[in-house]
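Worksheet: one structure, shown below.
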Amino acid sequence: MIDLVLFAGRIAFVVLLYAFLFAVMRTGVGLVRGQRRDAAIWSVDVEKGTKELRGLHVDILGPVVIGRAPSSDIVIDEPFVSAAHARFTLQGPALVLEDLNSTNGTLVNGHGIGQPVTLRDGDEVQIGDAVMRVSRR
């Protein structure tokens, strides 16, 4: 009798384990699908600037630093651009632009920003002489 109870307990444990693993796998696959679908929903295109920069297209997948320093993600080699001038960051589905205490400031649609700004599709960002257009897919 005790053997029958232990056997039934083992079967119940295995069934619960498979149900748990199936639930975890289904959730994980959903997260991966969501990440793949929303992976690069924001992009930046340089419309005006030096010859090397014009036409540059950058998909925003994480923080993107813009500046004069060679370690920046988008390098703008101009005297009016700080070493680490500004940063694009994703906050959920929104794209936020933050000026990193640059000397000459950052413009969004012709207006200077003093604090982080949530960008909209088609906004124009100007850093030094470089003009970038932000787009959302």
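Everything quoted here is computed from the prediction, not taken from an experiment.
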### Query
Hey, mind stepping through Asp129 and Glu78 against side chain to side chain contact (heavy atoms under 4.5 Å, CB included) and telling me if it holds?
CA-CA 8 Å; Asp129 290 333; Glu78 296 180 5; 3.6 Å; yes
Same cluster for [X] and [Y] if Ile/Leu/Val/Met/Phe/Trp/Tyr side chains link at under 4.5 Å?
X      : Y     : answer
Val131 : Val44 : no
Leu100 : Val64 : no
Val65  : Phe88 : no

For the backbone of [Y] and the side chain of [X], can you confirm whether one donor and one acceptor N or O come within less than 3.5 Å of each other?
X      : Y      : result
Asn104 : Phe80  : yes
Ser102 : Asp99  : no
Arg120 : Ser135 : no
Asp3   : Leu6   : no
His85  : Gly105 : yes
Ser82  : Thr103 : yes
Trp42  : Pro93  : yes
His111 : Val108 : no
Glu98  : Val117 : no
Arg54  : Gly49  : yes

### Summary
Heavy-atom closest pair (Arg68 atom, Pro79 atom, distance to 0.1 Å) is NH1-O, 4.0 Å
How long is the gap from [atom1] on [X] to [atom2] on [Y], to the nearest 0.5 Å?
X      : Y      : atom1 : atom2 : answer
Glu47  : Gln126 : CD    : CD    : 11.5 Å
Thr118 : Gln91  : OG1   : CD    : 6.5 Å
Glu124 : Asn109 : CD    : CG    : 6.5 Å

### Message
Counting C-beta onward and ignoring hydrogens, is there a side-chain heavy-atom pair between Asp59 and Arg137 closer than 4.5 Å?
### Response
yes
### Query
Tell me, do Leu95 and Leu90 make a side-chain contact under 4.5 Å, heavy atoms counted?
yes
### Task
Verify side chain to side chain contact (heavy atoms under 4.5 Å, CB included) between Val125 and Ile127, making sure each step is shown before the conclusion.
CA-CA 7 Å; Val125 176; Ile127 296 175; 4.3 Å; yes
### Message
Pair Val58, Ile74 - check side chain to side chain contact (heavy atoms under 4.5 Å, CB included), show working.
### Response
CA-CA 9 Å; Val58 177; Ile74 299 176; 4.0 Å; yes
### Query
For the side-chain contact (heavy atoms from CB on, under 4.5 Å) test, which of Asp121, Ile60, Leu97, Leu119 pairs with Val134?
Leu119
### Task
Quickly, which of Val75, Asp73, Thr106, Ile76 forms a side-chain contact (heavy atoms from CB on, under 4.5 Å) with Ile66? Name it, please.
Ile76
